[in-house]
Amino acid sequence: MLALAAALMVGCGTTKTVPITGRQQNLLVSDGEMLSLSTQQYSEYMKTAKPSTNSANTAMVKRVGQRLATAVENYLRNNGMAEDVKNYQWQFNLVQDQNVNAWCMPGGLICVYEGLLPVTQDEASLAIVLGHEIAHAVAKHSAEQLSTQIKQQYGLQIGTAVAGALGMGQNTQSIVQAIAAQGFNFKNLSYSRGHENEADHMGLIFAAMAGYNPQVALTFWQRMASMSNNQTAEFLSDHPSDATRIKNIQGWMPEAMQYYKKK
């Protein structure tokens, strides 16, 4: 019965190919469902957040973010994924928070904390971070994690899953709502190391596509590594070690440089 339920779940899901890496994933939730959940959560967060009063930094975050978004959309359109573009409602906001952090919800809803900017120091390094966060959205990592939770829910309710196999779509929607009610918070979501590696890889290339020199990623992550003794950035939880991350970036650099054209 367990094998049957697993097969039914995979069969009722949608197989997607992650851009850049080509990895195959099985998703049990639609882009529309994810966008609805994330838009609600992002709106609720922004009602309580304090927007930055630094107009220059706010403009920089929006400028870098939009440049990345344009590059990503152009890539999707040029590689047979134009349909995905409609699922993005890009927003780039800088808020008053001294934590070294940035995050992106499904649909391209992005928040940058002021505490990150002294570490990025320049637009190109900011593009590395935003490219990483945008990559989580483009690779549908939140949907993949939510799909995993749904599968776990079905595993706990194996009889119900098998009995209701023919109505899987309705069951899935119900479970999505249940998980959301239990606190599936995109802002505080911790991705797996595999997802973080993939976001590093994709984000590096997105930055290059947008005309930012991807080589700045090495010095940026070295700065981050130097902070690790006294402060860990929130968005580094469950991430690869500093040494592993830098080594991986060095390995991806030749590929990223093929996309880089200075603007």
Side-chain angles (χ1 to χ4, degrees), residues 6 10 13 15-29 34 38 68 72 99-106 108-113 115-116 119-120 125-153 155 179 183-208 214-256:
V10 172
T15 299
K16 295 281 189 177
T17 300
V18 179
I20 307 294
T21 67
R23 181 175 64 86
Q24 298 290 298
Q25 57 186 178
N26 179 260
L27 305 178
L28 300 181
V29 288
M34 295 303 293
S38 66
L68 284 160
V72 167
N99 286 303
V100 182
N101 196 21
W103 43 263
C104 178
M105 291 186 183
L109 307 176
I110 291 176
C111 182
V112 177
Y113 293 179
L116 176 68
V119 187
T120 54
S125 295
L126 177 61
I128 296 300
V129 176
L130 293 185
H132 172 100
E133 296 304 327
I134 287 172
H136 280 308
V138 174
K140 306 181 190 300
H141 287 159
S142 295
E144 196 167 5
Q145 288 213 353
L146 188 49
S147 295
T148 297
Q149 290 197 20
I150 291 172
K151 292 174 186 178
Q152 291 170 348
Q153 291 287 333
I179 292 174
F184 190 88
N185 191 326
F186 293 113
K187 183 175 77 69
N188 298 325
L189 185 62
S190 294
Y191 296 104
S192 68
R193 288 193 177 185
H195 284 169
E196 294 299 343
N197 277 324
E198 190 166 60
D200 278 348
H201 182 185
M202 295 171 65
L204 190 69
I205 291 175
F206 289 160
Q215 292 175 322
V216 304
L218 295 171
T219 53
F220 167 71
W221 287 115
Q222 287 166 356
R223 288 197 297 274
M224 290 299 300
S226 69
M227 297 174 55
S228 61
N229 291 331
N230 51 32
Q231 181 182 4
T232 300
E234 289 182 29
F235 70 97
L236 293 182
S237 59
D238 296 328
H239 285 51
S241 68
D242 296 324
T244 297
R245 164 171 267 136
I246 291 171
K247 181 180 178 181
N248 287 341
I249 289 173
Q250 289 172 330
W252 296 318
M253 193 60 66
E255 178 186 5

Please find the pair of heavy atoms, one from Ile128 and one from Ala207, that lie closest to each other, and give the distance. CD1-CB, 3.9 Å
The test is side chain to side chain contact (heavy atoms under 4.5 Å, CB included); show your working for Asp200 and His132 and say whether it passes. CA-CA 5 Å; Asp200 278 348; His132 172 100; 2.8 Å; yes
Please find the pair of heavy atoms, one from Val18 and one from Ala139, that lie closest to each other, and give the distance. CG1-CB, 3.7 Å
Flag the pair Phe206 / Val138 as yes when at least one side-chain heavy-atom distance between them is below 4.5 Å, and no otherwise. yes
For Ala127 versus Leu68, what's the shortest heavy-atom pair and its separation? O-CD1, 3.7 Å
Chi angles and distances behind the side chain to side chain contact (heavy atoms under 4.5 Å, CB included) call for Ile134, Met202: CA-CA 9 Å; Ile134 287 172; Met202 295 171 65; over 6 Å; no
One thing to verify: whether Glu144 and Arg23 come together as a salt bridge, which I'm taking to mean a side-chain N less than 4.0 angstrom from a carboxylate O. yes
Indicate the atoms forming the closest heavy-atom contact of Gly115 with Val100, along with that distance. O-CG2, 3.6 Å
Report yes if some heavy atom in the side chain of Glu255 is under 4.5 Å from a heavy atom in the side chain of Ile20; otherwise report no. yes
Identify, with sequence neighbours excluded, every residue that meets side chain to side chain contact (heavy atoms under 4.5 Å, CB included) alongside Gln222. Thr219, Ile246
Minimal non-hydrogen separation, Arg223 against Ser125, with atom names: NH2-OG, 3.4 Å
Between the side chains of Glu196 and His141, does any donor sit under 3.5 Å from an acceptor? no
Side chain to side chain contact (heavy atoms under 4.5 Å, CB included) between Asn101 and Leu116, intermediate numbers included: CA-CA 6 Å; Asn101 196 21; Leu116 176 68; over 6 Å; no
Check whether the side chains of Gln24 and Thr17 place a donor and an acceptor atom closer than 3.5 Å, and report yes or no. yes
Name the residue from Leu204, Ile249, Ile205 that meets the side chain to side chain contact (heavy atoms under 4.5 Å, CB included) definition with Pro214. Leu204
Would you call the rings of His136 and Tyr191 parallel, tilted or perpendicular, where under 30° means parallel and over 60° means perpendicular? parallel
Just by modelled atom types, is the Leu27 backbone N or O under 3.5 Å from a matching donor or acceptor in the Ser147 side chain? no
Check the pair Ile110, Trp103 against side chain to side chain contact (heavy atoms under 4.5 Å, CB included), reporting the backbone distance first and the verdict last. CA-CA 6 Å; Ile110 291 176; Trp103 43 263; over 6 Å; no
In short, Ser192 meets Gln145 closest at the heavy-atom pair N-NE2, 3.4 Å
